[in-house]
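For reference, positions follow the sequence shown, starting with 1. All values reported here derive from a predicted model rather than from experimental measurement. In listed order, ligands and their atoms are each counted from 1.
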Amino acid sequence: MELIFERSRPGRGTDLLPPLDVPECPVPEEFARKKAPRLPEIGESDLSRHYQALARRAFGVCDGFYPLGSCTMKYNPKLGEDMAALPGFTGIHPLQPGHTVKGCQLAMAQTEYALARITGMDRVTLQPAAGAHGEFTGLLLIKAYHRHRGDNARTVILVPDSAHGTNPASAAMAGFTVRNIPSNADGLVDLEALRAACGPDTAGLMLTNPNTVGLFERDILEITKIVHEAGGLVYYDGANLNAIMGVARPGDMGFDVCHLNLHKTFATPHGGGGPGSGPVGCKEFLAPFMPGSALCGNGGEHSIGQVRAFHANFLVVIRALAYLMRLGNARVAEAAQGAVLNANYLKRKLEEAGYTAAFPGLCMHEFVLTLERLKKETGVSALDVAKAMLDDGIHPPTMYFPLIVHEALMFEPTETEAPETLDQAAAVLADILRRAKEDPESLHAAPHSTVVGRPDETAAARHPVVRYSFPEG
Ligand SMILES: *Cc1c(COP(=O)(O)O)cnc(C)c1O
């Protein structure tokens, strides 16, 4: 496909700006360019076709099934986009006098209130701009809490080996040492290992429940008790609340602080580096350490301070509020139940087709298959299966994650998929399994129908080419 610079022709273009009707104000010499910028010159219709063609090469939830585990790629109601585009929300400035933006403040306060109720926390800040940023903020709260009590020996954050990679990274960034807690054979936190790891250096434990293999930690009350008795706090990674929102609350499980990803569970599209939002909630005793909130101003005497400029990724917050108001109290739980039902439905169908789940029994909103045996028997890997799905218009699940499962494929169908879609995906995967046994070669070469098939992923990650090089240099 031609790049926009390659389609450029000197002198082509579209006049979008009206003629200048104010005095010209030249840029001071020292700031002025010596040469005109090399911008593509292209007519409007060709420009439009160029981006349309690019869009057709991308795959999103509105194109087809997108069961990317741990990411909650669910359909986000268009209503949220309409609400977030209202001029009253888009046409404001964060430095505007408060009395001129009362409605926006109310919207933020309502969202804080709703999220506090959903998580079972007492206070919420909307500041953090993403999940990992929320983790960092929450860990700073934990750190401030111990410091404030003069308990400076608590330097270790415990993280299960199945955790999302951001957990240990955020703990390290917040200045903690990370200690891994192994999972047991059922994929759950090993209580004995947790007890053994807890001590006077324990600042806290970071946990997600359901955990990263899609299982609910049945011993969660015992887990939070063990950490509390050792003097640590417990952090809930609620990036993915799809399985439990409206049904169970981290605050009731003994968690002290948590974050949510509005850009997974609460109606903002996730992925592609778009705006996110990772609100943090905490119990009352941590409130004095919180950054400012929409309602409570700049935070208290012991506040860890602002964690971002201004209040929040505001329009992401508006989408979340619109989503929650549209669902209403009762249907928040229904969405979670639908997510769990769909995951179990697909899991069972794939098991019937001959796939092996990494962990047996009921799952929550996602589940992990292990293709270790298939690889041994046929040479077909999780990567081959994922690539083959592309030929049937299905986005692959998350691959090779979590690290504790070999040849892992992690599916999260979400509540917004119809049973027919799940049946069709199961049929596609059953057929891939048949081909793996009869004609493994065809799978090593998949996908056959996409523009890009098997890029050198290491090179793409290590040496990305994101700048156009003009032929004439
Ligand atoms: C996505 C996710 C995160 C990180 O969220 P970002 O917004 O990508 O920083 C953290 N934990 C879990 C469990 C996640 O699924």
Side-chain angles (χ1 to χ4, degrees), residues 61 66-74 76 115 119 125-140 157-174 178 181 183 187-189 204-217 220 234-245 250 253 255 257-281 307-308 312-313 316-317 319-320 336 339 343 363-368 397-405 408 410-414:
V61 257
Y66 204 136
L68 193 68
S70 177
C71 289
T72 312
M73 303 299 288
K74 66 184 184 182
N76 296 298
L115 297 181
T119 54
T125 172
L126 300 173
Q127 275 186 26
H133 194 195
E135 292 168 22
F136 181 66
T137 305
L139 288 161
L140 291 185
I157 290 287
L158 307 172
V159 178
D161 57 6
S162 66
H164 195 273
T166 49
N167 290 188
S170 304
M173 261 189 76
V178 176
I181 306 295
S183 307
L188 302 172
V189 170
L205 167 74
M206 293 180 89
L207 199 68
T208 171
N209 192 23
N211 67 18
T212 307
V213 294
L215 302 176
F216 192 85
E217 298 280 356
I220 189 59
V234 199
Y235 182 93
Y236 182 80
D237 176 344
N240 247 312
L241 211 68
N242 242 32
I244 65 159
M245 62 173 178
M253 300 177 202
F255 288 94
V257 50
C258 73
H259 85 269
L260 304 174
N261 277 22
L262 299 188
H263 52 294
K264 279 180 185 167
T265 312
F266 297 98
T268 281
H270 170 248
S277 173
V280 165
V307 294
R308 89 189 283 287
N313 263 345
V316 179
V317 171
R319 287 181 181 89
C363 64
M364 290 285 117
H365 59 301
E366 59 192 358
F367 62 90
V368 184
T398 297
M399 305 182 297
Y400 298 98
F401 181 81
L403 303 176
I404 55 172
V405 177
M410 182 186 206
F411 290 80
E412 182 180 4
T414 83

Distance only, no hydrogens: is a donor on one side chain within 3.5 Å (strictly under) of an acceptor on the other, for N211 and E217?
yes
Compute the shortest N/O to N/O distance between H263 and ligand 1 and return yes if it is under 3.5 Å, no if not.
yes
Residue, atom and distance of the protein heavy atom nearest atom 14 (C) of ligand 1 read K264 NZ, 2.8 Å
What is the ring orientation for Y236 with F255, classed by angle as parallel under 30°, tilted 30 to 60°, or perpendicular over 60°?
perpendicular
Report yes or no: do S70 and E412 form a side-chain donor-acceptor pair below 3.5 Å?
no
Heavy-atom nearest neighbour in the protein, as seen from atom 6 (P) of ligand 1, with distance rounded to 0.1 Å
G131 N, 3.5 Å
Taking N or O atoms only and a 3.5 Å limit, does A132 qualify as a polar contact for ligand 1?
yes
Please check if the side chain of H133 supplies one atom and the backbone of G278 the other of a donor-acceptor pair under 3.5 Å.
no
Using a 4.0 Å cut-off to any heavy atom of E135, which atoms of ligand 1 qualify?
10 (C), 11 (N)
Which of the numbered atoms in ligand 1 are below 4.0 angstrom from a heavy atom of N240?
15 (O)
Which of these passes side-chain hydrogen bond (donor to acceptor under 3.5 Å, both in side chains) with N242: K74, E366, K264, H365?
K74
Steps toward side chain to side chain contact (heavy atoms under 4.5 Å, CB included) verdict (T137, V257)
CA-CA 10 Å; T137 305; V257 50; over 6 Å; no
So is there a nitrogen or oxygen of D237 less than 3.5 Å from a nitrogen or oxygen in ligand 1?
yes
Between CE of M173 and CG of L140, what distance do you get to the nearest 0.5 Å?
8.5 Å
With a 3.5 Å distance limit and no angle check, can you tell me whether H263 reaches the backbone of S277 through a side-chain donor-acceptor pair?
yes
Under 3.5 Å: N/O of H133 near N/O of ligand 1:
no
Of all the non-hydrogen atoms in the protein, which one sits nearest to atom 5 (O) of ligand 1, and at what distance?
N261 ND2, 3.0 Å
Any N or O of S70 that comes nearer than 3.5 Å to an N or O of ligand 1?
yes
N/O of A130 under 3.5 Å from N/O of ligand 1, yes or no?
no
